[in-house]
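Here, residue 1 is the first one in the sequence, and each next residue gets the next number.
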Amino acid sequence: SDRPRRVTAPLTAQQRLLAVGLVLSVTLVAFEVTAIITALPTITDELGGDSLYGVSLAAYTLANLITLVAAGEMADRRGPAMPFTLCVATLVVGLIVAASAPTMIWVVVGRVLQGAGTGGFAPIAYMLVKRAFPDDRHPMIYAYLSAGWVLPAMVAPLVAGWITDTFGWRWVFLGLVPAALAVGALAVQPM
């Protein structure tokens with residue numbers, strides 16, 4: 001065709017770092033969701049909390065939805081770095097609360113905090129794609145964000161099952177703490 005080809009400028013180092021941080025944050029959320037659901041039957045068996053199994057899932061989802069809206073609004077008003085940092089901190093506290101839970105009710109409290117923490121990741125990620133990347137790069141970055149769910153969907157159940165059987169279910173939560181801190185540090189840097 002005789003139509004001139006549009007040349008896209010390469011991403012800057014800061015844009016590449018941001019893209020990696022955002023994809024890793026999506027991957028972290030996907031791994032967290034999938035791994036915890038895998039360990040949850042063992043948790044409810046050990047803590048005698050069968051009646052709270054569904055509550056732990058619903059509480060996570062509700063907290064996630066509320067934070068999705070709140071974090072998006074806060075990021076619009078104050079920029080993305082502070083709400084993202086708060087979300088990572090809330091997730092980490094939730095993981096620690098659930099890992100140290102003496103009863104199923106404390107697992108539910110931890111799940112509420114985890115849902116509140118992960119709920120802010122998506123609106124902040126999509127806001128940053130819109131603000132930090134040229135329009136012609138948006139589809140590519142959105143595809144990368146979606147791909148962040150692929151590996152965890154395949155690997156997280158196996159890893160979480162192995163950790164639960166080998167070390168105990170508490171290590172499924174605790175194992176995510178350093179990952180959350182690392183992703184938070186990496187992703188917030190270029191925001």
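The hydrophobic cluster containing Val129 also contains Val29, counting ILVMFWY residues as joined when their side-chain heavy atoms lie under 4.5 angstrom apart, directly or transitively. With hydrophobic clusters built from ILVMFWY side chains whose heavy atoms lie under 4.5 angstrom apart, Leu17 shares a cluster with Leu145. Under a hydrophobic clustering in which Ile, Leu, Val, Met, Phe, Trp and Tyr are joined whenever their side-chain heavy atoms come within less than 4.5 Å, directly or via other members, Met82 and Val69 fall into different clusters. Under the 4.5 Å side-chain heavy-atom criterion for Ile, Leu, Val, Met, Phe, Trp and Tyr, Leu158 and Val150 are members of distinct hydrophobic clusters. Hydrophobic cluster membership differs between Leu57 and Ile66, with clusters built from Ile, Leu, Val, Met, Phe, Trp and Tyr side chains linked at under 4.5 angstrom.
Tyr144 approaches Val23 most closely through the heavy-atom pair CB-CG2, 3.6 Å. A pairwise comparison of heavy atoms in Leu91 and Phe121 identifies CD2-CZ, 4.3 Å as the closest pair. Smallest separation of non-hydrogen atoms from Ala160 and Val172: O-CG2, 3.8 Å. For Val112 against Ala59, the heavy-atom pair with the smallest separation is CG2-CB, 3.5 Å. Across every non-hydrogen atom of Pro80 and Met127, the tightest pair is CB-SD, 4.2 Å. Annotation for Ala99 and Arg170: closest pair O-NH1, 2.7 Å, computed over non-hydrogen atoms.
Thr34 places no side-chain N or O within 3.5 Å of a backbone atom of Phe31 that could act as its donor or acceptor partner. Listed for the Thr67 side chain is no donor-acceptor partner under 3.5 Å among the backbone atoms of Gly119.
Using a 4.5 Å heavy-atom threshold, the side chains of Pro10 and Gln15 count as separate. By the 4.5 Å heavy-atom criterion applied to side chains, Trp169 and Leu47 are counted as neighbours. Between Phe84 and Ser25 there is a side-chain heavy-atom pair separated by less than 4.5 Å. Side-chain contact between Val33 and Tyr60 is present, with at least one heavy-atom pair separated by less than 4.5 Å. Proximity of Cys87 to Thr118: side-chain heavy atoms (C-beta onward) are nowhere separated by under 4.5 Å. A 4.5 Å side-chain heavy-atom check between Thr38 and Thr164 finds every atom pair outside the cut-off.
Leu65 pairs by the side-chain contact (heavy atoms from CB on, under 4.5 Å) definition with Thr61, not counting sequence neighbours. Checked against side-chain contact (heavy atoms from CB on, under 4.5 Å), Thr85 has the following partners two or more places apart in sequence or in another chain: Val188. In terms of the side-chain contact (heavy atoms from CB on, under 4.5 Å) criterion, residue partners of Asp45 (sequence neighbours excluded) are, by chain and number, Asp50.
The pair Arg78-Glu73 does not meet the salt-bridge criterion, since no charged nitrogen lies less than 4.0 angstrom from a carboxylate oxygen. Salt-bridge check for Asp76 with Arg131: passed, with a basic side-chain N closer than 4.0 Å to an acidic carboxylate O.
Using cut-offs of 30° and 60° on the angle between ring planes, the pair Trp162 and Phe167 is perpendicular.
Between atom CD1 of residue Ile141 and atom OG of residue Ser146 there is a gap of 11.5 Å, rounded to the nearest 0.5 Å. Tyr53 OH to Met104 CE: the interatomic distance, rounded to the nearest 0.5 Å, is 8.5 Å. Separating the CG atom in Leu22 from the CG atom in Leu128 is a distance of 5.5 Å, to the nearest 0.5 Å. Distance OG/Ser56 to CD/Gln114: 9.5 Å, rounded to 0.5 Å.
Here the rule is side-chain contact (heavy atoms from CB on, under 4.5 Å) with Leu176, and of Ile36, Val183, Val92, Leu181 only Ile36 fits it.
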I'd like to know whether Val20 forms a side-chain contact (heavy atoms from CB on, under 4.5 Å) with Leu186, so could you lay out the CA-CA distance, the side-chain angles of the two residues, the decisive distance to 0.1 Å, and finally the verdict.
CA-CA 8 Å; Val20 169; Leu186 178 67; 3.9 Å; yes
Let's go through Ile43 and Phe173 carefully: what are the C-alpha distance in whole Å and the side-chain angles of both, what is the deciding distance for side-chain contact (heavy atoms from CB on, under 4.5 Å) to 0.1 Å, and is it a yes or a no?
CA-CA 11 Å; Ile43 297 168; Phe173 293 104; 3.6 Å; yes
